[in-house]
Amino acid sequence: MNKEKIIIMLLLITIVLSVGSIIFTMNLSMDKDEESTVSPFNSNAGLIQLKIEKTPVKSGGAG
Amino acid sequence: MKFMNVLIVVAIISVSLAGINLILTIDKIQNAKSITGFATGTGTANLSVSAAASISFNHSLINWGGGSVDETPSFATLDTEGNVVGGTWSALTGGLTVQNDGNTNVTLNISSSNDATDFIGGSAGEGPVYRIRVVENKTGTCSAGTVYPSTYTTFNTTPIIICNNMSSDSSMNLLTIHINITVPEDALGTKGSIITATATAI
């Protein structure tokens, strides 16, 4: 193998390794931690309802 | 020949640098895995679950509907335990139920949007009464069973702690708030009261 071929081969290996390094780094870049902010407080509500109608007036009759 | 030797040396250095770069990158990523929880077949996933206070009303509406006070006495008493005395409203069984559906024990307090006068109105008899009592719907919901109030007690806009330590365990995470009201015969109209429950993670 002559020197020119060795040089070309080494340079190709260099290029491949460099590209591989870049791709590897990009694909395995760290995911950012998702920090969720959870409130220590929570509230909820219930409802009470009624309708108050007028008391019916009862008429009494003589027995 | 001399030029060729220089080229070979430069090429070897380039290959070496690229190799070092690759090794360093892999090494850094390996370190990052242990921090972020990045998982592989043999890696360890680290997970941190934050405490979340969360409550909800399983039964959030008490509606007695329409009704009137009997001629005598001058007031009617209603509660959510199936009692209607002196009035024509339908009896209701079952109060409001509050569930701790979060993943942490909480301190639970409640308050009303109004007091008896603003909620019910009227003045006949002893006047309007608005009271609550709290019971464990599931035994053990409140640490040591210390719910408050356990007997009917006047309720208004002032927040009260009904359970200092409400469990998040699904087998014991439910409280019932029973309502007891007295309606004077001179109260009229559609009435409503909102009960707000607030949970604070322990």
Side-chain angles (χ1 to χ4, degrees), chain A, chain B residues 4-5 7-8 11-12 14-15 17-19 21-22 25-26 29 32 35-36 38 50-57 59-71 78 89 96 98 102 106 119-120 122 177 179 181 183 185 187-201:
Chain A
M1 188 181 291
N2 60 35
K3 288 182 179 177
E4 285 88 348
K5 285 185 178 177
I6 293 172
I7 290 170
I8 291 170
M9 189 181 73
L10 288 174
L11 288 174
L12 285 173
I13 291 171
T14 302
I15 292 167
V16 169
L17 286 175
S18 296
V19 171
S21 175
I22 291 167
I23 293 172
F24 191 82
T25 304
M26 287 177 69
N27 287 341
L28 295 183
S29 62
M30 287 181 287
D31 291 334
K32 288 181 180 176
D33 288 341
E34 292 182 10
E35 293 181 9
S36 58
T37 306
V38 180
S39 169
F41 300 99
N42 182 245
S43 64
N44 218 309
L47 176 64
I48 303 165
Q49 284 182 321
L50 77 160
K51 186 177 180 184
I52 306 170
E53 296 161 351
K54 196 170 182 180
T55 302
V57 178
K58 292 177 183 174
S59 55
Chain B
M4 294 298 289
N5 288 336
L7 275 180
I8 290 171
I12 290 172
S14 298
V15 171
L17 286 174
N21 180 28
L22 185 60
T25 303
I26 291 171
I29 294 299
I35 296 169
T36 63
F38 185 99
S50 301
S54 176
I55 54 164
S56 60
F57 275 90
H59 184 206
S60 62
L61 176 64
I62 292 171
N63 188 358
W64 274 287
S68 60
V69 178
D70 293 342
E71 280 192 286
L78 295 72
W89 288 272
L96 300 170
V98 187
V106 298
F119 171 26
I120 303 163
I177 303 167
I179 313 297
I181 59 173
V183 183
E185 66 179 2
L188 281 175
T190 301
K191 309 292 183 178
S193 181
I194 297 169
I195 292 181
T196 302
T198 302
T200 306

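Residue numbering restarts at 1 for every chain, and letters A, B, ... go by the order of the sequence lines. Please read all numbers here as calculations on a predicted model, not as lab measurements.
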Do the side chains of A/I48 and B/I181 get nearer than 4.5 Å, heavy atoms only?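 SC-SC contact between B/I181 and A/I48 ruled out.
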For chain B, which candidate among A/T14, A/V16, A/L11, A/L47 shows the most heavy-atom pairs at distances under 4.5 Å?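 Of A/T14, A/V16, A/L11, A/L47, A/L47 has the most heavy-atom pairs under 4.5 Å with chain B.
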Tell me, side chain or backbone of B/I179 under 4.5 Å from chain A's heavy atoms, or both, or neither?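 Only the side chain of B/I179 comes within 4.5 Å of chain A.
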For the candidates B/S60, B/G19, B/G102, which exhibits the highest count of non-hydrogen atom pairs separated by less than 4.5 Å from chain A?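 Result: the option with the highest number of such pairs is B/S60.
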If you define the side chain from C-beta out and look only at heavy atoms, does anything of B/W64 sit under 4.5 Å from A/I52?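 No - every pair of side-chain heavy atoms lies 4.5 Å or more apart.
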Given the options B/L61, B/I62, B/I177, which has more heavy-atom pairs under 4.5 Å with chain A than any of the others?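 Ranked by contacts with chain A, first place is B/I62.
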Measuring from B/I194:CD1 to B/F119:CZ, what's the distance to the nearest 0.5 Å?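 It comes to 10.5 Å.
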By a 4.5 Å heavy-atom criterion (distance strictly below it), what part of B/L96 contacts chain A: side chain, backbone, both, or neither?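 Only the side chain of B/L96 comes within 4.5 Å of chain A.
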Atom OG1 in A/T55, atom CG in B/L188: separation rounded to 0.5 Å?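 These two atoms lie 8.0 Å from each other.
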Validation row: B/V98, A/N44 side chains within 4.5 angstrom (heavy atoms):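 Not touching, per the 4.5 Å side-chain cut-off.
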Select one option (side chain, backbone, both, neither) describing which atoms of B/V69 are under 4.5 Å from chain A's heavy atoms.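 For B/V69, heavy atoms of backbone and side chain both lie under 4.5 Å from chain A.
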